[in-house]
Protein chains: 2
Amino acid sequence: MAARRPAAERAVRPQAQTAEKRRRILDAALTVFGKHGYNKASLVDIAELAGMTHAGVLHHFGSKDRLLVAVLEHRDAVDVAGLEGQHVPTGKEMLEHLLNTIRLNMERAGLVQAYAVLSAESVTEGHPAQSFFRDRFAGLRGMVVDGYRAVAPAGTPASRLEIAATATIAVMDGLQVQWLLDPEVPMPEVAEATIAGLVDWLAQGQQGDRGE
Amino acid sequence: MAARRPAAERAVRPQAQTAEKRRRILDAALTVFGKHGYNKASLVDIAELAGMTHAGVLHHFGSKDRLLVAVLEHRDAVDVAGLEGQHVPTGKEMLEHLLNTIRLNMERAGLVQAYAVLSAESVTEGHPAQSFFRDRFAGLRGMVVDGYRAVAPAGTPASRLEIAATATIAVMDGLQVQWLLDPEVPMPEVAEATIAGLVDWLAQGQQGDRGE
DNA sequence: GTCTATATCGTGATAGAC
DNA sequence: GTCTATCACGATATAGAC
């Protein structure tokens with residue numbers, strides 16, 4: 001409780017260095033996990049990129065499993081912090097925001113690849129990132145549902161909004177794989193067309209139920 | 001050249017057994033690659049499932065790399081053979097066919113997982129299935145473009161058909177990952193909504209260019 | 001054609017020096 | 001807190017018996 005300065009400095013300074021080291025490891029791990037996938041990535045490679053030995057990495061994170069989830073949660077924290085300055089997009093601005101994210105991501109192929117590879121890998125038996133991605137998809141769907149609610153007709157049932165949101169996230173993910181294999185694939189145009197089509201579908205579908 | 005029966009039998013019978021063994025290995029490999037991804041799957045597991053030792057597997061396929069591409073090409077051959085009886089779907093029937101495939105796939109989670117995991121894994125550095133999936137996506141896009149051409153307005157430019165086709169394939173792939181993590185995700189409904197939206201987009205987009 | 005045995009390597013993880 | 005050294009294990013691949 002009593003925080004005399006020398007003691008405090010001695011406690012804070014090393015922690016600051018530790019935090020810096022941890023950040024370097026997390027960056028290196030994201031790079032290597034993205035380049036090779038979780039299973040093929042090796043702690044030795046990660047450690048080398050972070051400027052240590054693999055024993056040092058394990059000292060900070062305990063195991064390869066825990067390092068992976070730490071990486072993913074750290075990325076989320078960074079992304080959220082990036083939104084801090086701006087207002088959190090809602091309604092139709094959120095749909096615009098999705099397209100902006102795609103355009104931004106085309107300059108960050110490494111990050112895109114990490115998410116594409118790791119999310120798909122996570123469906124395999126006993127993969128350490130399984131619950132992370134399950135939760136992530138659920139959260140994303142909720143956010144995109146809010147975006148569509150703002151542009152859909154007033155009484156649109158939640159199930160239809162959910163369908164549009166699921167489709168939107170699916171297109172973006174599937175697109176990334178195609179784009180990583182062939183950079184000619186025009187991600188923004190494809191996503192924009194899909195979203196425009198889904199907005200139409202939300203607007204017209206209700207009539208179709210009884211009007212046909 | 002001289003095909004006396006005993007010699008022919010001796011040549012054919014073992015080949016038939018070999019072909020059968022190879023098929024068993026390919027089935028086992030698809031299962032294990034699907035369950036764990038390529039990198040974590042082991043030849044020992046595959047061999048055990050096929051009723052052999054891993055040395056036997058390597059005798060037939062030479063290496064793990066070559067086994068993977070053999071598996072993928074074999075699957076394509078099987079699927080094509082399955083279409084043999086029916087007529088190859090074209091035009092709007094092909095879009096219907098996509099939805100039927102999704103419904104069928106919901107009874108084959110193992111196969112879905114194999115394609116989802118391996119296709120995403122293939123974007124990593126030096127992955128042996130990289131060119132397979134690159135070619136596969138190119139081929140699929142071509143087929144789906146033909147499907148959309150039949151339902152789009154007459155003069156629709158190829159680039160717009162290509163966008164719709166890319167989107168359709170992307171939705172299906174992205175959907176699979178979400179569905180594998182959460183079987184509640186209604187794949188057929190989501191795909192149907194997306195396709196309906198894209199058909200609308202194809203129909204209306206042309207006017208939008210000058211009509212707005 | 002399949003086996004056993006083995007070679008060789010890389011992995012994640014631990015123990016203990018400094 | 002990071003290192004060196006080492007462990008135990010599993011991987012792919014090869015060689016040779018049968």
Side-chain angles (χ1 to χ4, degrees), chain A residues 9-33 35-71 118 121 124-129, chain B residues 7 9-29 31-33 35-71 118 121 124-129:
Chain A
E9 271 181 10
R10 223 175 284 129
V12 164
R13 197 43 84 93
Q15 279 180 12
Q17 286 177 352
T18 292
E20 166 65 10
K21 270 292 182 191
R22 282 179 57 104
R23 207 190 48 74
R24 288 181 60 90
I25 294 171
L26 289 171
D27 284 353
L30 182 65
T31 300
V32 177
F33 283 144
K35 198 176 288 184
H36 294 120
Y38 172 76
N39 285 314
K40 192 173 182 183
S42 89
L43 291 175
V44 174
D45 285 356
I46 293 169
E48 186 181 358
L49 192 58
M52 321 170 44
T53 63
H54 79 286
V57 171
L58 286 173
H59 169 75
H60 285 287
F61 293 95
S63 75
K64 193 187 179 189
D65 282 25
R66 283 202 289 272
L67 174 58
L68 176 63
V69 313
V71 166
L118 293 174
E121 218 180 10
T124 59
E125 224 176 60
H127 194 284
Chain B
E9 271 181 11
R10 224 175 284 129
V12 164
R13 197 45 84 93
Q15 279 181 13
Q17 286 176 353
T18 292
E20 165 66 10
K21 270 294 181 191
R22 281 179 59 104
R23 207 190 49 74
R24 287 181 61 89
I25 294 171
L26 289 170
D27 284 354
T31 299
V32 177
F33 283 143
K35 198 175 289 183
H36 294 121
Y38 171 75
N39 285 313
K40 191 172 184 187
S42 91
L43 292 176
V44 174
D45 285 356
I46 293 169
E48 187 181 356
L49 193 57
M52 321 169 44
T53 64
H54 79 284
V57 171
L58 286 173
H59 169 75
H60 286 286
F61 293 96
S63 76
K64 193 187 178 188
D65 282 26
R66 284 203 289 272
L67 175 58
L68 176 63
V69 314
V71 166
L118 294 174
E121 218 180 10
T124 58
E125 223 176 61
H127 194 283

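Numbers restart at 1 for each chain; the letters A, B, ... are given by sequence-line order, proteins then strands. What you are looking at is a predicted structure, and each value in this text was computed from that prediction instead of being measured.
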- prompt: Under the 3.5 angstrom rule, does the side chain of B/E121 hit a backbone N or O of B/N39 as a donor-acceptor pair?
  reply: yes
- line: What residues 22-31 of chain A contributes to the DNA chain C interface at heavy-atom separation below 4.0 Å is none
- prompt: Between A/K64 and A/Y38, is NZ or CZ placed under 6.0 angstrom from the six-membered ring centre and within 45° of the ring axis?
  reply: yes
query: Can you check whether B/H59 reaches B/K21 side chain to side chain, under 4.5 Å on heavy atoms?
result: no
query: Quick one: what's the B/S/- string for nucleotides 12-18 of chain D, heavy-atom cutoff under 4.0 Å, read 5' to 3'?
result: SBB----
- prompt: For the pair made of NZ in B/K40 and P in D/dC9, what is the distance, rounded to whole Å?
  reply: 17 Å
query: Does B/K40 NZ have over 12 foreign heavy atoms under 6.0 Å away?
result: no
task: Take atom CG of A/L67 and atom P of C/dT11, then tell me their distance rounded to the nearest Å.
output: 15 Å
message: Expressed as a whole number of angstroms, how long is the span from B/H36:NE2 to D/dA11:C1'?
response: 14 Å
query: With respect to the phosphate group of D/dC3, does any side-chain polar atom (N or O) of A/T53 fall under 4.0 Å of OP1 or OP2?
result: yes
- line: Heavy atoms of A/L58 and A/S63 approach each other most closely as CD2-CA, 3.7 Å
- line: From CG of B/D45 across to C1' of D/dA11 the rounded distance in Å is 11 Å
statement: Between B/R22 and B/F61 the two heavy atoms that sit nearest each other are NH2-CE2, 3.4 Å
Test item: B/I25 and B/L49 side chains (from C-beta on) under 4.5 Å apart, heavy atoms: no
task: For A/R66 and C/dT14, give me the distance from atom CZ to atom C1', rounded to whole Å.
output: 13 Å
Closest non-hydrogen atom pair, B/T124 against A/H36: CG2-C, 3.8 Å
Distance, rounded to the nearest Å, where A/F61 contributes CZ and C/dT14 contributes P: 16 Å
query: Are OP1 or OP2 of D/dT2 and a side-chain N or O of A/H60 less than 4.0 angstrom apart?
result: yes
message: Using 0.5 Å steps for rounding, measure from the CD1 atom of B/I46 to the NZ atom of B/K35.
response: 11.5 Å
task: Please report, rounded to the nearest Å, how far the C1' atom of D/dA11 is from the CD1 atom of B/I46.
output: 12 Å
